[in-house]
Amino acid sequence: MTPGDLPAAIAELRGALGPTVVLAPGDPAAGFVRDERGLLPARPAAVLRPRSTAEVAVAIGICARHRVPVVPFAGGTGLVGGAIPLGDEAQLVLSVQKLDRIRSVDPVDFALTAEAGCVLTDVQRAAEEVGLLFPLRLASEGSARLGGAIATNAGGSNVLRYGMTRDLVLGLEAVLPDGRIWHGLRSLRKDNTGYDLKQLLIGSEGTLGVVTAATVRLVPRPRHHAVALLALPEPAVLTPLFALAREWFEDRLTALELFGRTGLDLLLSQLPDQLPALKDPFAHPHPWYLLVEATATRDGAGLAAQLESFLAEATRLGLVADAVPALDRPQARALWALREALPEAEKRAGGAIKHDVSVPLGAITAFLEDAEGELAVAFPGVRVNAFGHVGDGNIHLNVLARPERATGVSELVYRVVAEHHGSISAEHGIGVLKRDALAVAREPLELELLHTVKAALDPLGIMNPGKLLRG
């Protein structure tokens, strides 16, 4: 991309939007621009905080005229460096945090329209006020924002029942790389009128435009929850256990979350301040644990009986060594805390080399065995903390090892993923940290098509350059 006229762009931006919208990088109000994992320095040339879609359009239009790169920023909870300006290049950060209005909630249409800067918990709360549920559930939902979830096509723990973010978005409003506003906010479930343009923007990581608002799908709010933590005798039981759970619970099955003994030991050793909330629910250690949740809008007694029968059948078949069912909501939250606290325990232990990957359901056991076995041979002494949303094939295979081993460790993990016909990014996106790995993982024709879309919508290359795709 031809270097832009940064001073002229900033001067015009300040004239058009004012000094409270255009912040200098040293301004304390711009301190929120940071990398969640602390792996990348954040040095924006300036930080823009527009207060409306119209101001976003003005800002992008000015940047386009001056050919100045723009990095969209939402909640800053991403893990692949997708919202951080690269190196010493003159790049502006455009935050959507001031776009934080819930525009409408329609309980008849089961739809909600919110701006991109809304925190996910605020969207969830707005749905709950009319007795419905916005089912996107993330560990970071208290700080992650709707626009970032859309830009990265976030997943989370409810994907098994409700799908990824792209399955929840009905319509979008977005500012394109030339500053024009696309008014695509619709609540239609059926709209067969050509290319589904919103799907280009969902998961594009800010490289094709800035999402400013979205209409999302709501669902009936479950009023009954059946939760249990299962101790597994070996990884080989995962596949038949998945099949049994689907058979028993059918569409009531909401989450299947896996973690291993390594993860539980990390919790107990690294988070003593959260004990006894975090404690081993079993009298004896087990190699693997599976958290099962089923939900229903009615017939709580029937759901509880379903869980009891499922556990009895799984035990009879030798798929479960032990089980702890939650008898009430506080107990269910305590069991969920074991799974949700794993990233914090890793962080306190010194961090990990993270891999957010997915494989077909039937390949999960073989993938775990192959990856851990090959890592043990290639990097003696490393510990693997594998956990994730295994009901949809998503494994966070994190390796507790020195940072200098990251390249070799990741290359090995991604090779094993490819051998099992999986993906190098299940829900976190590509950003900059996985950009080179994507160039190897995808076929040349796929990469060519991705570049073609980028060039068509952003011919100047100003939108989040260097992310997702190189060049």
Side-chain angles (χ1 to χ4, degrees), residues 4-33 42 44-76 82-85 90-104 113-119 122-123 144-151 169 171-185 197-198 201 204-216 457-458 460-465:
D5 190 342
L6 178 64
I10 292 179
E12 187 175 348
L13 286 164
R14 285 188 174 137
L17 301 174
T20 61
V21 174
V22 185
L23 307 178
D27 191 318
F32 61 85
V33 180
V47 177
L48 312 179
R49 293 198 302 177
R51 297 157 296 191
S52 66
T53 298
E55 288 192 346
V56 174
V58 169
I60 297 297
I62 291 172
C63 291
R65 285 196 297 275
H66 293 283
R67 295 178 177 256
V68 171
V70 180
V71 180
F73 190 97
I84 301 300
Q91 299 183 349
L92 304 182
V93 165
L94 188 148
S95 167
V96 297
Q97 292 179 359
K98 293 291 185 180
L99 280 66
D100 59 358
R101 292 186 304 123
I102 303 291
R103 294 187 183 176
S104 66
T113 298
E115 294 181 339
C118 288
V119 176
D122 291 337
V123 180
R145 297 177 187 264
L146 182 60
I150 292 169
V169 174
L172 288 180
E173 174 188 88
V175 176
L176 302 180
D178 59 4
R180 289 181 295 170
I181 301 172
W182 173 48
H183 300 282
L185 289 176
L197 298 178
K198 69 179 181 293
L201 290 168
S204 66
E205 304 186 36
T207 62
L208 301 179
V210 180
V211 171
T212 53
T215 298
V216 297
L457 293 186
D458 182 22
L460 298 179
I462 68 165
M463 295 305 307
N464 214 5

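As the structure is a prediction and not an experimental result, all values here were calculated from the model.
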Quick check: does any side chain N or O of Glu55 sit under 3.5 Å from a backbone N or O of Pro50, one acting as donor and the other as acceptor?
no
Is the shortest heavy-atom distance from the side chain of Asp100 to the side chain of Lys98 under 4.5 Å?
no
Kindly indicate whether the side chain of Leu208, heavy atoms from C-beta on, has any atom under 4.5 Å from the side chain of Met463.
no
Can you check whether Trp182 reaches Leu201 side chain to side chain, under 4.5 Å on heavy atoms?
yes
More than 12 heavy atoms of other residues, nucleotides or ligands under 6.0 Å from CZ of Arg103: is that the case?
yes
The test is side chain to side chain contact (heavy atoms under 4.5 Å, CB included); show your working for Asp27 and Val47 and say whether it passes.
CA-CA 9 Å; Asp27 191 318; Val47 177; over 6 Å; no
Are Phe32 and Arg49 packed together at the side-chain level, in the sense that at least one heavy-atom pair is separated by less than 4.5 angstrom?
yes
Pairs flagged by ring pair (Phe, Tyr, Trp, His ring centres under 6.0 Å) wherever residues 44-65 is involved - sequence neighbours left out:
none
Quick one, Leu99 and Ser52 - any side-chain contact, counting heavy atoms below 4.5 Å?
no
Could you tell me which residues satisfy side-chain hydrogen bond (donor to acceptor under 3.5 Å, both in side chains) with Glu205, sequence neighbours excluded, listed by chain and number?
none
Work out which heavy atom in Ala57 is nearest to a heavy atom in Gly179; give both atom names and the distance.
CB-O, 3.4 Å
NZ (Lys198) and OG1 (Thr215) are apart, to the nearest 0.5 Å, by 10.5 Å
Indicate the atoms forming the closest heavy-atom contact of Val58 with Ala16, along with that distance.
CG1-CB, 4.0 Å
Start with the C-alpha distance between Val70 and Ile60, add both sets of side-chain angles, then the distance that settles side chain to side chain contact (heavy atoms under 4.5 Å, CB included), and finish with yes or no.
CA-CA 8 Å; Val70 180; Ile60 297 297; 3.9 Å; yes
With a 4.5 Å limit on heavy-atom distance, are the side chains of Leu48 and Leu17 in contact?
no
Using modelled atom types only, decide if a donor and an acceptor are shared between the side chain of Asp5 and the backbone of Ala9 within a distance under 3.5 Å.
no
Tell me, please, which residues at least two apart from Glu12 pass side-chain hydrogen bond (donor to acceptor under 3.5 Å, both in side chains).
Arg65, His66
Step by step, would you call Leu94 with Val210 a side chain to side chain contact (heavy atoms under 4.5 Å, CB included)?
CA-CA 9 Å; Leu94 188 148; Val210 180; 4.3 Å; yes
Heavy atoms of Leu23 and Ala30 approach each other most closely as CD1-N, 4.1 Å
Using a distance-only test with no angle check, is there a side-chain donor-acceptor pair under 3.5 angstrom linking Thr212 and Glu115?
no
CD1 on Ile181 to CD on Glu173, rounded to 0.5 Å:
6.5 Å
Taking all atoms of both residues into account, what is the closest heavy-atom pair of Ala64 and Leu460, and its distance?
O-CD1, 3.5 Å
Any non-hydrogen side-chain atom of Cys63 less than 4.5 Å from a side-chain atom of Leu92?
yes
Main-chain N/O of Val71 paired with Asn464 side-chain donor or acceptor, under 3.5 Å
no
For the residue pair Pro44 and Val93, what are the closest heavy atoms and their distance?
CB-CG2, 3.7 Å
Report yes if the side chains of Asp458 and Thr207 come closer than 4.5 Å at any heavy-atom pair, otherwise no.
no
Please find the pair of heavy atoms, one from Pro25 and one from Ala46, that lie closest to each other, and give the distance.
CD-CA, 4.2 Å
Pair Ile102-Cys118, side chain to side chain contact (heavy atoms under 4.5 Å, CB included): steps then yes or no:
CA-CA 7 Å; Ile102 303 291; Cys118 288; 3.9 Å; yes
